[in-house]
Enquirer: 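Here it is: the structure, laid out below.
Whatever order the structure lists them in is the order used to number ligands and atoms, beginning at 1.
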Amino acid sequence: MAAVVLVGAQWGDEGKGKVTDFLAEKADLVVRYQGGNNAGHTVVVGDQEFRLHLIPSGILYPGRFCLLGSGVVIDPEVLIGELDSLSKRDIDTSGLRISQRAHVIFPYHRRLDQLDEERKGNSKIGTTCRGIGPAYIDKSARIGIRMIDLIDREELAVKLERNLREKNSILENIYGEKKIDFEEMLALYSSYGERLERYVADTSLIINDALSAGKNVLFEGAQGTLLDLDHGTYPFVASSHPTAGAACLGAGIGPAKIGRVIGVTKAYSTRVGEGPYPTELAGELCECIRRQGCEYGTTTGRPRRCGWFDGVAVRYAVRINGLDYLAVTKLDVLSGLEKIMLCTGYRYRGEIINEFPASLKVLSECEPIYEEHPGWAEDISTARCFEDLPVNARRYLERISAVAGAPTALISVGSKRSQTIVMTELF
Ligand code: IMP
């Protein structure tokens with residue numbers, strides 16, 4: 001039995017899609033356990049590029065079971081769109097299973113997400129406006145509608161009617177918006193339910209049975225540790241838990257079942273949305289990394305904020321997730337830079353801080369303490385083992401591991417499956 005949890009060790013967009021795709025070759029099951037279509041994974045297979053928001057990238061391997069656990073929030077329109085576009089490209093999607101307990105996103109969640117961001121003005125979170133936060137709010141308020149309700153027209157009608165009464169009152173009275181029509185919404189969502197029914201299952205049972213049968217299960221986190229609702233840069237965070245502990249909750253397995261936890265980190269850092277970011281770069285250097293790394297959001301197309309590798313943040317991710325290994329991605333993006341800076345600590349009002357602070361006031365005043373590393377000019381995209389890398393790249397990677405406090409198991413030097421250096425086999 002092997003259960004491997006893969007999480008983002010930074011602010012999301014670390015290249016988890018590529019690493020999931022790489023590891024999925026040896027996994028029997030790939031499971032997403034939190035978030036929704038706020039995530040965006042770009043995976044390159046041969047000369048084809050796939051952009052997935054909900055379905056785990058494991059689906060690109062024929063016959064692979066891909067599960068959306070109870071902790072995921074599902075926008076059925078997006079999911080159906082993704083299924084259709086994969087089918088058009090001859091990808092077999094019959095292995096998809098969706099938890100009966102996963103909550104459903106409705107158009108009022110999307111609209112309220114947008115309106116709330118507009119209302120917040122300068123203090124907005126910078127959400128993806130996909131309705132993720134409002135759907136999790138309804139889940140916590142115990143009025144959410146789950147997949148099991150979506151496939152039961154009677155239940156759906158009762159719950160939707162009750163919810164629309166409340167949502168329409170907010171839309172009309174607070175925002176001066178048009179009401180959402182109940183009959184129209186019921187007809188649309190019943191049709192989604194009919195279409196998705198064949199995929200709805202007790203996913204916790206499937207996962208536990210697979211683990212008992214000695215199968216390999218890969219748990220794929222979305223977003224990243226610093227966007228975790230409890231442990232991230234609150235309130236500039238996602239509304240779910242992208243950290244490893246959430247894999248148990250959002251998939252329905254016990255903690256003792258988890259074997260290894262891998263944190264994916266870029267060889268530098270990026271962030272989308274608002275919130276403090278100590279190693280953020282500006283000007284030409286930021287532009288250069290953004291251009292080289294194609295740092296634009298897969299979901300929203302927003303240019304990502306770019307910066308140096310933040311050892312304090314990744315060390316914190318090692319602690320919060322209990323990371324056994326790092327997977328370092330996009331090392332090739334740094335090729336050609338004369339010098340590369342690596343943040344080992346922060347300076348706050350003259351004092352040295354080694355642990356990631358809870359206070360955003362403190363974090364926004366933290367100045368990174370940098371170590372300077374000489375860069376390398378060589379193209380490293382054809383490197384297939386550690387020794388193929390220039391000595392400066394090897395030294396830089398060794399420092400990343402030492403500062404973060406976890407060994408590196410995988411190094412990615414390009415978007416293709418073959419552009420991966422394996423230091424330790426994970427399955
Ligand atoms: P929400 O998840 O759309 O509510 O957005 C909350 C915060 O998480 C915002 O800062 C988003 O930009 C960020 N976020 C959500 N999904 C992702 C992702 O997949 N990658 C990076 N940031 C994300």
Enquirer: With heavy atoms of I125 as the reference, note each atom of ligand 1 found under 4.0 Å away.
Expert: 10 (O)
Enquirer: Taking both backbone and side-chain atoms of S239, is any N or O found less than 3.5 Å from an N or O belonging to ligand 1?
Expert: no
Enquirer: Closest non-hydrogen protein atom to atom 3 (O) of ligand 1, residue and atom name please, with distance?
Expert: T128 OG1, 2.5 Å
Enquirer: Judging by distance only, is a nitrogen or oxygen of D13 under 3.5 angstrom from one on ligand 1?
Expert: yes
Enquirer: Tell me the protein heavy atom at minimum distance from atom 6 (C) of ligand 1, and give that distance in Å.
Expert: V237 O, 3.3 Å
Enquirer: Looking only at heavy atoms, is any part of W11 under 4.0 Å from ligand 1, and if so is it the side chain, the backbone, or both, or is it neither?
Expert: backbone
Enquirer: I'd like to know if R302 contacts ligand 1, where contact means a heavy-atom distance under 4.0 Å to any ligand atom.
Expert: yes
Enquirer: Going by distance alone, is a donor N or O of one side chain under 3.5 Å from an acceptor N or O of the other, for T300 and R302?
Expert: yes
Enquirer: Can you tell me the protein heavy atom closest to atom 9 (C) of ligand 1 and the distance?
Expert: G126 O, 3.2 Å
Enquirer: Check whether F236 forms a cation-pi arrangement with R305 (NZ or CZ under 6.0 Å from the six-membered ring centre, at most 45° off the ring normal).
Expert: no
Enquirer: Check contact between R130 and ligand 1, using heavy atoms of the residue and a distance below 4.0 angstrom.
Expert: no
Enquirer: I want to know if ligand 1 touches N38 in the polar sense, i.e. an N/O pair below 3.5 angstrom.
Expert: yes
Enquirer: Can you sort out the partners of Y136 under ring pair (Phe, Tyr, Trp, His ring centres under 6.0 Å), two or more places apart, ordered by chain and number?
Expert: none
Enquirer: I'd like to check whether L227 has a polar contact with ligand 1, where a contact means an N/O of the residue lying under 3.5 Å from an N/O of the ligand.
Expert: no
Enquirer: Apply side-chain contact (heavy atoms from CB on, under 4.5 Å) to residues K120 and E274 and explain how you reach the verdict.
Expert: CA-CA 12 Å; K120 284 191 174 119; E274 309 301 317; over 6 Å; no
Enquirer: May I ask you to check whether over 12 heavy atoms, not counting those of E367, lie within 6.0 Å of atom CD?
Expert: no
Enquirer: Could you pull out, from Q10, E274, H41, Q223, the option with a heavy atom nearest to atom 18 (C) of ligand 1?
Expert: Q223
Enquirer: For ligand 1, is there an atom lying under 4.0 Å from some heavy atom of T300?
Expert: no
Enquirer: Would you mind checking which non-hydrogen protein atom is closest to atom 5 (O) of ligand 1, with the distance to 0.1 Å?
Expert: T127 CA, 3.3 Å
Enquirer: State yes or no: are the ring centers of Y348 and Y346 separated by less than 6.0 Å?
Expert: no
Enquirer: Which of parallel (below 30°), tilted (30 to 60°) and perpendicular (above 60°) describes F356 and Y316?
Expert: parallel
Enquirer: Is R110 salt-bridged to D113, going by a charged N under 4.0 Å from an acidic O?
Expert: no
Enquirer: Check contact between A222 and ligand 1, using heavy atoms of the residue and a distance below 4.0 angstrom.
Expert: no
Enquirer: Within the supplied structure, the quantity of interest is the number of heavy atoms (other residues, nucleotides, ligands) at a distance under 6.0 Å from E25 CD; does it exceed 12?
Expert: no
Enquirer: Please list, in number order, the atoms of ligand 1 under 4.0 Å from a heavy atom of V272.
Expert: 10 (O), 12 (O), 21 (C), 22 (N)
Enquirer: Considering only heavy atoms from C-beta outward, does the side chain of D138 approach that of F106 to under 4.5 Å?
Expert: no
Enquirer: Within the 4.0 Å heavy-atom shell around G273, which atoms of ligand 1 are there?
Expert: 10 (O), 12 (O)
Enquirer: Do T424 and P407 have side-chain heavy atoms sitting under 4.5 Å apart?
Expert: no
